[in-house]
Amino acid sequence: MKLICIGRNYTEHIKEFENERPTDPVVFLKPDTSILLKKQPFFIPDFSEDIHHEVEILVKITKVGKHISKKFAHKYYDQIGLGIDFTARDLQAKLKAKGLPWEKAKAFDGAAVIGEWLPKSDFKDVNNINFSLHKNDGVVQNGNTSLMLWKIDEIIEYVSKYFTLKIGDIIFTGTPSGVGKVIANDKLKGYIEDKQLFSITVK
């Protein structure tokens, strides 16, 4: 089981960090050890002083597939979820400056929050899903899947060129603008439409 993450998939988030708009999806992986265990707090690691939250729509793969055409991609998932891609922003900046991989900043233990799952059939259109992250009862990130540069089925088509998708794999589809630092005692709650799918405390 692997976590496949898409970076720079929302225009406003790209602008937020003054990054170049990619011509292809930016793809990176997280190991299963990065998954934050259910009902556990997120502990800020001692190697970073600038951990950022990035809320994202998730997709869970239900069939093994390789070289999946976009028109068939919808057959490879039947659940939609919500999670957080925690990022050690200070460490990431150092790695990027040296042209090195991001894994230490993105794939550390506990860096992936995975909330509850909803049936895809609950949604009229997976390309029009509202989602949000609340921090200490204030909304810090708002997104809609219609604003993705690459939609869910396009992501599945693209990543399956490089990686065989297996049952249980999870795709993090990218974060909208509004990412920011977390500190001890922050409470983070994630919503799809009006349904809360996760709630965690930062320690």
Side-chain angles (χ1 to χ4, degrees), residues 1-17 19-32 34-35 53-87 92 101-103 106-107 111-133 141-179 190 192-193 197:
M1 182 260 214
K2 55 188 175 291
L3 309 182
I4 301 168
C5 305
I6 305 301
R8 302 181 190 175
N9 202 22
Y10 287 82
T11 300
E12 293 305 312
H13 178 56
I14 294 170
K15 292 178 180 178
E16 192 171 38
F17 285 93
N19 286 320
E20 181 181 343
R21 179 170 172 150
T23 55
D24 293 302
V26 175
V27 180
F28 60 95
L29 303 179
K30 290 177 183 265
D32 57 7
S34 69
I35 297 172
H53 57 73
E54 299 188 15
V55 72
E56 310 195 13
I57 289 290
L58 312 183
V59 173
K60 185 187 289 185
I61 298 299
T62 56
K63 292 172 59 178
V64 175
K66 176 73 174 174
H67 294 296
I68 301 165
S69 170
K70 175 185 169 182
K71 65 181 178 181
F72 297 122
H74 67 280
K75 297 182 177 182
Y76 286 79
Y77 63 100
D78 59 15
Q79 295 182 87
I80 301 292
L82 193 71
I84 296 177
D85 165 25
F86 278 119
T87 304
Q92 185 190 37
W102 300 353
E103 275 75 8
K106 287 278 194 179
V113 173
I114 297 173
E116 301 302 319
W117 294 93
L118 299 173
K120 185 172 66 172
S121 58
D122 283 1
F123 303 96
K124 292 181 179 179
D125 182 1
V126 297
N127 294 320
N128 186 20
I129 298 174
N130 292 303
F131 62 101
S132 61
L133 181 69
Q141 287 189 268
N142 260 319
N144 185 287
T145 54
S146 66
L147 301 175
M148 289 180 176
L149 297 180
W150 290 277
K151 305 299 190 289
I152 292 172
D153 291 354
E154 293 171 316
I155 291 170
I156 289 173
E157 179 181 58
Y158 184 81
V159 299
S160 69
K161 293 177 183 178
Y162 302 92
F163 312 114
T164 296
L165 296 180
K166 301 181 76 173
I167 296 170
D169 287 350
I170 295 172
I171 299 177
F172 281 63
T173 61
T175 193
S177 62
V179 305
I192 289 181
E193 304 296 348
L197 298 188

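Below, each value reflects all heavy atoms present in this structure, side chains not excepted, and no hydrogens, waters or symmetry copies.
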*Which distance, rounded to the nearest 0.5 Å, do you find between the CD1 of Ile61 and the NZ of Lys166?*
13.0 Å
*CG-NE2 distance between Leu165 and His67, expressed to the nearest 0.5 angstrom*: 11.0 Å
Within the side chain of [X], is there an N or O that forms a donor-acceptor pair under 3.5 Å with the backbone of [Y]?
X: Thr173; Y: Ile57; result: yes
X: Lys66; Y: Lys161; result: yes
X: Thr145; Y: Asn128; result: yes
X: Glu154; Y: Lys70; result: no
X: Glu116; Y: Leu197; result: no

*Check whether the side chains of Asp153 and Tyr77 place a donor and an acceptor atom closer than 3.5 Å, and report yes or no.*
yes
*asked:* Could you check whether Glu54 and Thr87, counting side-chain N and O atoms only, form a donor-acceptor pair closer than 3.5 Å?
replied: yes
How close do [X] and [Y] get, heavy atom to heavy atom, and via which atoms?
X: Gly65; Y: Tyr76; value: CA-CE2, 3.7 Å
X: Glu56; Y: Ile6; value: OE1-O, 4.3 Å
X: Ala107; Y: Ser34; value: O-CB, 3.7 Å

_Looking at Asp78 and Lys120, is there a salt bridge between them, counting it only when a charged N and a carboxylate O are closer than 4.0 Å?_
no
_Between Ile4 and Ile155, does the side chain to side chain contact (heavy atoms under 4.5 Å, CB included) criterion hold? Intermediate values first, please._
CA-CA 10 Å; Ile4 301 168; Ile155 291 170; over 6 Å; no
